[in-house]
Amino acid sequence: MENQTQENKSRVIMVESEQSWDFYINEATTQGCPVVVHFTASWCIPSVAMNPFFEELASNYPDALFLTVDVDDVKAVAAKMEVKAMPTFLLMKEGAQVDKLVGANPEEIRKRVDAFVQAIRVYVA
């Protein structure tokens with residue numbers, strides 16, 4: 001039962017505005033926290049299909065900040081990060097993009113996130 005309660009609590013934060021984007025990126029930069037971003041759209045079936053996978057990733061990597069940005073709701077952020085297709089996944093460190101993956105490819109995303117988070121852990125330690 002205890003495990004079930006934890007699963008229901010999302011570790012993915014929905015970015016609602018350009019201001020909240022700036023806030024989360026600044027906080028992560030200050031704390032040296034890696035950021036994984038899922039750019040999505042409610043009308044994009046592959047993007048929506050990736051949501052449960054992204055939630056699972058977030059629960060597996062508690063040291064990273066996981067953000068979701070709906071490109072229709074927060075157009076300015078999508079434009080600033082040069083997102084042209086959905087889903088797009090960005091890996092960010094110190095406010096800068098270090099990797100970008102376009103498309104719904106769970107295994108490649110998992111591999112890149114794992115390598116990214118491991119590299120940050122080694123760098124911090």
Side-chain angles (χ1 to χ4, degrees):
M1 256 337 202
E2 201 175 292
N3 210 9
Q4 202 171 21
T5 307
Q6 287 178 335
E7 283 180 32
N8 292 337
K9 188 171 187 237
S10 175
R11 286 208 62 253
V12 177
I13 297 170
M14 176 63 80
V15 173
E16 305 284 345
S17 67
E18 193 172 4
Q19 292 78 13
S20 67
W21 167 265
D22 290 340
F23 172 80
Y24 289 119
I25 297 302
N26 289 336
E27 284 291 304
T29 300
T30 301
Q31 296 172 17
C33 179
V35 181
V36 183
V37 189
H38 174 200
F39 284 90
T40 185
S42 58
W43 47 264
C44 177
I45 301 304
S47 274
V48 173
M50 290 300 290
N51 288 339
F53 171 77
F54 197 64
E55 290 279 354
E56 177 199 327
L57 265 185
S59 65
N60 290 337
Y61 296 96
D63 297 341
L65 174 63
F66 284 76
L67 302 175
T68 296
V69 178
D70 186 308
V71 297
D72 293 321
D73 294 341
V74 196
K75 291 181 174 90
V77 172
K80 179 167 40 175
M81 301 312 294
E82 299 179 355
V83 173
K84 309 267 188 261
M86 276 62 68
T88 292
F89 296 87
L90 296 185
L91 305 180
M92 299 178 68
K93 180 176 122 183
E94 296 172 3
Q97 175 184 314
V98 294
D99 199 3
K100 182 179 199 172
L101 184 76
V102 179
N105 184 340
E107 287 317 305
E108 184 63 22
I109 294 163
R110 186 185 310 276
K111 189 170 85 179
R112 291 198 199 179
V113 168
D114 187 60
F116 175 59
V117 172
Q118 295 302 329
I120 299 275
R121 283 185 187 147
V122 169
Y123 178 73
V124 169

Legend entry - Flag if over 12 foreign heavy atoms under 6.0 Å of CD, Glu82: no
So do the side chains of [X] and [Y] get within less than 4.5 Å of each other, counting heavy atoms only?
{"X": "Leu67", "Y": "Leu90", "result": "no"}
{"X": "His38", "Y": "Asn51", "result": "yes"}
{"X": "Lys100", "Y": "Thr88", "result": "yes"}
{"X": "Gln19", "Y": "Phe23", "result": "no"}

Legend entry - Steps toward side chain to side chain contact (heavy atoms under 4.5 Å, CB included) verdict (Tyr61, Asp114): CA-CA 8 Å; Tyr61 296 96; Asp114 187 60; 2.9 Å; yes
Legend entry - Lys80 side-chain N/O to Glu18 backbone N/O, donor-acceptor pair under 3.5 Å: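 No; zero donor-acceptor contacts below 3.5 Å.
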Inset, instruction - Would you confirm whether Arg11, through its side chain, and Ala64, through its main-chain N or O, come within 3.5 Å as a donor-acceptor pair? - result: yes
Might you point out which heavy atoms bring [X] and [Y] nearest each other, and give the distance in Å?
{"X": "Gly95", "Y": "Thr29", "value": "N-OG1, 3.2 Å"}
{"X": "Val35", "Y": "Val37", "value": "CG1-CG2, 3.7 Å"}
{"X": "Thr40", "Y": "Val48", "value": "OG1-N, 4.3 Å"}
{"X": "Ser10", "Y": "Val12", "value": "OG-N, 3.0 Å"}
{"X": "Arg112", "Y": "Leu91", "value": "O-CD1, 3.8 Å"}
{"X": "Pro34", "Y": "Asp63", "value": "CD-O, 3.5 Å"}

I need the [X] [atom1] to [Y] [atom2] distance, nearest 0.5 Å.
{"X": "Glu56", "Y": "Arg110", "atom1": "CD", "atom2": "CZ", "answer": "4.5 Å"}
{"X": "Leu101", "Y": "Glu108", "atom1": "CG", "atom2": "CD", "answer": "6.0 Å"}
{"X": "Lys75", "Y": "Asp70", "atom1": "NZ", "atom2": "CG", "answer": "9.0 Å"}
{"X": "Met50", "Y": "Ile109", "atom1": "CE", "atom2": "CD1", "answer": "3.5 Å"}
{"X": "Asp72", "Y": "Met86", "atom1": "CG", "atom2": "CE", "answer": "7.0 Å"}
{"X": "Thr30", "Y": "Glu94", "atom1": "OG1", "atom2": "CD", "answer": "10.5 Å"}

Inset, instruction - Specify whether Phe54 and Phe66 have parallel, tilted or perpendicular ring planes, treating 30° as the upper limit for parallel and 60° as the lower limit for perpendicular. - result: perpendicular
